[in-house]
2 protein chains.
Amino acid sequence: MIRNKTTEYALTILGFMATRNEDMYSAEYLHKQLNIPRRYLRRLLTDLSKHGFLKSTSGRNGGFVFARDLKEINLALVINTLEGYETLCTCILGFSCCIVDKPCIMHDTWMEARSKMVEILSNTTLADLKGKYQMDLIKKTLDGINTV
Amino acid sequence: MIRNKTTEYALTILGFMATRNEDMYSAEYLHKQLNIPRRYLRRLLTDLSKHGFLKSTSGRNGGFVFARDLKEINLALVINTLEGYETLCTCILGFSCCIVDKPCIMHDTWMEARSKMVEILSNTTLADLKGKYQMDLIKKTLDGINTV
DNA sequence: ATATATTACTACCTTTTTGTAGTATTTATT
DNA sequence: AATAAATACTACAAAAAGGTAGTAATATAT
Ligand code: FES
Ligand code: FES
């Protein structure tokens with residue numbers, strides 16, 4: 001359930017890349033934009049490539065691009081991939097996974113609290129974020145025209 | 001956002017104690033019931049006492065009882081107390097806290113996904129858990145009568 | 001060809017979290 | 001008073017997470 005800073009970084013990176021329109025994103029560029037430690041960022045980027053989210057190009061002018069369509073990457077998938085399988089359906093009392101036939105005391109409460117969240121994360125793709133971001137930009141531009 | 005095993009342990013302990021009817025819970029008893037490492041459990045119990053959830057009694061026949069009414073302890077409070085202030089309202093991209101006037105790309109999505117969860121956790125007290133647990137017991141007993 | 005700008009790999013260091021050990025203190029029982 | 005059963009305190013050890021360093025490999029530009 002989003003235990004890692006690494007997952008946060010991954011979401012930052014993918015979210016950032018999804019909402020901009022560069023042809024290619026180098027680690028150095030992302031480092032400068034996002035303030036994620038250089039070396040750690042690099043490693044994470046290769047990880048994200050290995051996990052099939054990004055595609056890397058070595059050598060000069062190299063960098064990272066998305067390996068799949070933005071519509072195919074939802075936030076829950078990113079979290080699950082980075083934190084190991086099924087972290088989004090773990091028991092709140094630390095049992096590795098919620099067991100339906102032997103639920104813990106918190107099970108009902110936790111299921112209810114958690115499921116809505118997981119649903120929204122699963123239904124939000126990077127493409128959706130891009131859409132929202134662009135709408136925001138348009139709004140800001142219009143505000144600028146109206147106020148100045 | 002429930003990053004710690006320690007928080008899980010705390011919920012396990014408090015949830016367990018809330019749903020039973022012992023006069024007093026010793027660390028040793030809780031250790032045996034809950035399988036939380038002995039020494040770590042002890043420390044956590046004194047922590048929970050310092051935080052005002054429990055009240056400890058030293059010496060022989062000593063142990064822990066609740067320091068407050070179960071109705072006054074909700075799950076969000078436990079999580080916040082154990083993980084430091086306001087972990088339940090952190091930004092999903094790792095900014096220390098969600099800032100309304102400078103939201104991140106994920107803000108809207110995350111707020112929506114998170115708020116429902118926090119709401120439920122805040123509205124569930126240990127007293128509610130006790131109620132649910134007792135209802136479960138009653139149901140199981142009735143089932144037993146019907147099926148056997 | 002060489003220099004340069006990039007990713008890839010491996011090993012290590014640091015910090016945080018989790019877990020353990022030893023000893024002191026408290027209190028009921030005998 | 002002695003014993004036993006409990007918590008309290010402090011320091012340390014182990015494991016996991018986060019972060020760094022050095023070097024190799026790759027590919028473009030000149
Ligand atoms: S079994 Fe614990 S939350 Fe489901
Ligand atoms: S600012 Fe990031 S989730 Fe609110």
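Note that these values count all heavy atoms, side chains included, but never hydrogens, waters or copies made by symmetry. All chains are named by letter (A, B, ...) in the order of the sequence lines, taking the proteins before the strands, and each is independently numbered beginning at 1.
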For atom CG of A/L48 and atom P of C/dA8, their distance in whole Å: 11 Å
In whole angstrom, give the distance that lies between atom CG of B/L54 and atom P of D/dT7. 11 Å
Using atom NZ of B/K5 as one end and atom P of D/dA17 as the other, report the distance to the nearest whole Å. 10 Å
Assuming nearest nucleotide by heavy-atom distance, tell me which of B/S26 and A/T7 is located more 5' along DNA chain D. B/S26
So, the side chain of A/R42 versus the backbone of A/A27: is there a donor-acceptor pair under 3.5 Å, distance only? no
Please determine, for the side chain of B/Y40, which listed nucleotide (D/dT20, D/dA6, C/dT20) has the closest atom? C/dT20
From CD of B/E8 across to P of C/dT17 the rounded distance in Å is 14 Å
On a plain distance test, is the side chain of B/R43 in donor-acceptor contact with the base of C/dT20 below 3.5 Å? yes
Check whether any side-chain N or O of A/S56 sits under 4.0 Å from OP1 or OP2 of C/dA8, and answer yes or no. yes
Roughly, in whole Å, what's the span from CE in A/M24 to C1' in C/dT6? 10 Å
Scan B/T6 against the nucleic acid and name what it touches under 4.0 Å (heavy atoms): base, sugar-phosphate only, or nothing. sugar-phosphate
Looking for any heavy atom pair under 4.0 Å, which part of the strands does A/Y9 touch: base, sugar-phosphate only, or nothing? sugar-phosphate
CD1 on B/I92 to CD1 on A/I79, rounded to 0.5 Å: 5.0 Å
Winner on side-chain proximity to A/F64, out of C/dG19, C/dT7, D/dA17, is C/dT7
Base, sugar-phosphate, or nothing: which does A/K50 touch, judged by heavy atoms less than 4.0 Å apart? sugar-phosphate
Would you say a side-chain N or O of B/N61 is under 4.0 Å from OP1 or OP2 of C/dT27? no
Let me know the distance between CG of B/D47 and P of C/dT18, rounded to the nearest Å. 12 Å
Going by the side chain to side chain donor-acceptor pair (under 3.5 Å) test, which pairs reach into residues 117-126 of chain B, not counting sequence neighbours? B/T125-B/D128
Can you check the B/H31 NE2 to C/dT20 P distance for me, whole Å? 9 Å
If the plane angle is over 60° it's perpendicular, under 30° parallel, otherwise tilted; pick one for A/Y29 and A/F16. tilted
Between C1' on C/dT7 and NZ on A/K55, what's the gap in Å once rounded to a whole number? 16 Å
Mapping A/R42 and B/T57 onto DNA chain C by nearest heavy atom, which one lands closer to the 5' end? A/R42
Ranking C/dT7, D/dA11, C/dT23 by distance to the side chain of B/R39, first place goes to C/dT23
Sugar-phosphate, base or nothing in reach of A/R38, heavy atoms under 4.0 Å: nothing
Looking only at the side chain of B/R60 (C-beta and beyond, no hydrogens), which of the listed nucleotides D/dT7, D/dT3, C/dT4 gets closest? D/dT3
How far apart are the closest heavy atoms of B/T81 and B/F53, and which atoms are they? OG1-CZ, 3.6 Å
What are the two closest heavy atoms between A/M117 and B/M117, and how far apart are they? SD-SD, 3.6 Å
Closest nucleotide among D/dG19, D/dG18, C/dA8 to the A/T46 side chain: C/dA8
Quick one: label A/G62 by what it contacts on the DNA or RNA (base, sugar-phosphate, nothing), any heavy atom closer than 4.0 Å. sugar-phosphate
